Amino acid sequence: MSEHDRIFPGIALMLGFCVIAPLIDVASKLAAQSVPVGTVTLGRFVVQAALMAPIVLAMGLRWRVTAAAARLLVARAAVSILATYCFVAAVQVMPIADALAIAFVEPFVILLIGRFVMGEEVGPRRLGASVVGFIGALFVIQPSFITFGPVALFPLGTAVSFALYMLLTRALSRHMHPVTMQLHTALVAAVLCLPLLALGTAADLKEVAFALPQGIFWLWVFCVGLAATISHMSMTYALKLAPSSTLAPLHYFEMLTATLFGYVFFDDFPNLLTWIGVAIITGSGLYIIHRERVTAAQARKVRLANAASAAGSVPGP
């Protein structure tokens, strides 16, 4: 396919991610009504590993990883566990749309980590937009904190963890195929979960304990892993087909599908403050995407100008 032809399948896959990803939250909320949050988290990774293994075999991909990739995999699996646990714990009691709106500060977290930790060049406009985005999150957190208590802060844990997850994914993508990456992350995460759940069970920590699901709850736990696998594979291949600058604005469509599913399955609908917060977060995020496009275009012009200048200065034969 030409570059133009590849963009539309990429957009379709990204929209598919936005439709399927909230089903992770629906299944998690249903499962967590009877199953400890820690067990739901473990189930997500066990199911994901079981589904990805035959895909890796069918594609003939290598299972072995380098030592450098192994270290990154452990870190990626650890932050994935934290992101999953925090969000499942949040939606156990909070409306899905409220929790997702707070977690959507993740792009701002990535920007701030890039600026203050990794020393990347980030202009004042994008930093200002990040501050505005966090203010938008406060519109959602404040009423949720009053209603649900400290659990309303859990989606912030998801945002920070997922920001680190994305940064580690970028680093790991240089070492291994994205499909193998999904499998190994799930396997490592499942292994890391086991001692944590054993300690939680021994200490009688209800939400970090292991307990076998009963009845229909087996299905809900399985659906958490199924939706996670399909949605993340959709995003992975969307990014292979279309530029991230094209796909990034579409991610905010997930807020609409999450609101719809929350209303259909749980009769939850965001209040006015939540909608104001969502509007602020979305507007700030879209502005950051716009500024990154402008910055990238300017950098491209500088590179082309430098290349043309260098070519013009080369003496002839």
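Quick note: numbers below take in every heavy atom, side chains included, and nothing from hydrogens, waters or symmetry partners. Just so we're clear, the structure is a prediction, and the values are computed from it rather than from any experiment.
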**Message:** Taking the side chain as everything from C-beta on, heavy atoms only, tell me whether Val88 gets closer than 4.5 Å to Phe154.
**Reply:** no
**Request:** Let me see the working for Val179 and Tyr237 under side-chain contact (heavy atoms from CB on, under 4.5 Å), right down to the final yes or no.
**Result:** CA-CA 9 Å; Val179 174; Tyr237 277 96; 3.3 Å; yes
**Asked** Is there a chain of hydrophobic side chains (I, L, V, M, F, W, Y, each step under 4.5 Å between heavy atoms) that links Val47 to Trp220?
**Response** no
**Complete:** Output for pair (Met52 CE, Leu57 CG), nearest 0.5 Å, gives 10.5 Å
**Request:** Given side-chain contact (heavy atoms from CB on, under 4.5 Å), test Tyr85 with Thr158 step by step and report yes or no.
**Result:** CA-CA 8 Å; Tyr85 181 90; Thr158 295; over 6 Å; no
**Prompt:** Should Leu153 and Phe104 be counted in the same cluster of Ile, Leu, Val, Met, Phe, Trp and Tyr side chains packed under 4.5 Å apart?
**Reply:** yes
**Asked** Okay, side chain of Gln92, backbone of Ala32: is any donor-acceptor separation there less than 3.5 Å?
**Response** yes
**Message:** Pair His184, Met176 - check side-chain contact (heavy atoms from CB on, under 4.5 Å), show working.
**Reply:** CA-CA 10 Å; His184 286 308; Met176 61 193 309; 3.4 Å; yes
**Message:** If I take atom OH from residue Tyr252 and atom CG from residue Leu286, how far apart are they, to the nearest 0.5 angstrom?
**Reply:** 5.5 Å
**Request:** To the nearest 0.5 Å, tell me how far Asp25 CG sits from Met94 CE.
**Result:** 11.5 Å
**Message:** Do Arg125 and Tyr287 make a side-chain contact, defined as non-hydrogen atoms from C-beta onward lying under 4.5 Å apart?
**Reply:** yes
**Request:** Evaluate the side-chain proximity of Thr259 to Trp275: yes if any heavy-atom separation is below 4.5 Å, no if none is.
**Result:** yes
**Asked** With a 4.5 Å heavy-atom cut-off, do Val26 and Pro22 have their side chains touching?
**Response** no
**Prompt:** Once the angle between the rings of Phe162 and Tyr165 is folded into 0 to 90°, is it parallel (under 30°), tilted (30 to 60°) or perpendicular (over 60°)?
**Reply:** parallel
**Asked** So, Thr169 versus Arg76: side-chain donor-acceptor pair below 3.5 Å or not?
**Response** yes
**Prompt:** Same hydrophobic cluster for Phe265 and Val91, using side-chain heavy-atom links shorter than 4.5 Å among ILVMFWY?
**Reply:** yes
**Asked** Can you check whether Phe139 reaches Leu272 side chain to side chain, under 4.5 Å on heavy atoms?
**Response** no
**Item:** Side chains of Phe253 and Leu256 in contact at under 4.5 Å (non-hydrogen atoms)
**Value:** yes
**OG-CG distance between Ser144 and Leu273, expressed to the nearest 0.5 angstrom** = 9.5 Å
**Prompt:** How far apart are the C-alpha atoms of Ser173 and Met181, what are their side-chain angles, what is the distance that settles it, and do they pass the side-chain contact (heavy atoms from CB on, under 4.5 Å) test?
**Reply:** CA-CA 8 Å; Ser173 64; Met181 189 193 309; 4.2 Å; yes
**Message:** To the nearest 0.5 Å, what is the distance between CG on Leu172 and OG1 on Thr180?
**Reply:** 10.0 Å
**Item:** Note, Ile141 side chain near Leu156 side chain (heavy atom, < 4.5 Å)
**Value:** yes
**Message:** Donor-acceptor check, side chain of Thr185 to backbone of Ala77, threshold 3.5 angstrom: yes or no?
**Reply:** no
**Message:** Could you see if Val40 belongs to whatever hydrophobic cluster contains Val151? Use Ile, Leu, Val, Met, Phe, Trp, Tyr and a side-chain cutoff under 4.5 Å.
**Reply:** yes
**Asked** Under 30°, 30 to 60°, or over 60°: which ring-plane class applies to Phe269 and Tyr263, parallel, tilted or perpendicular?
**Response** perpendicular
**Prompt:** What is the distance from atom OG of Ser231 to atom CG of Leu226, rounded to the nearest 0.5 Å?
**Reply:** 9.0 Å
**Prompt:** Is there a side-chain contact between Leu100 and Pro155, using heavy atoms and a 4.5 Å cut-off?
**Reply:** no
**Asked** Under the 6.0 Å and 45° cation-pi test, does Lys29 pair with Phe266?
**Response** yes
**Complete:** Checking Thr39, Leu42, Val208 against Cys193 for side chain to side chain contact (heavy atoms under 4.5 Å, CB included), the one that qualifies is Leu42
**Prompt:** Cluster question for you: counting only ILVMFWY and a side-chain heavy-atom cut-off of under 4.5 Å, with indirect links fine, are Leu127 and Leu167 together?
**Reply:** yes
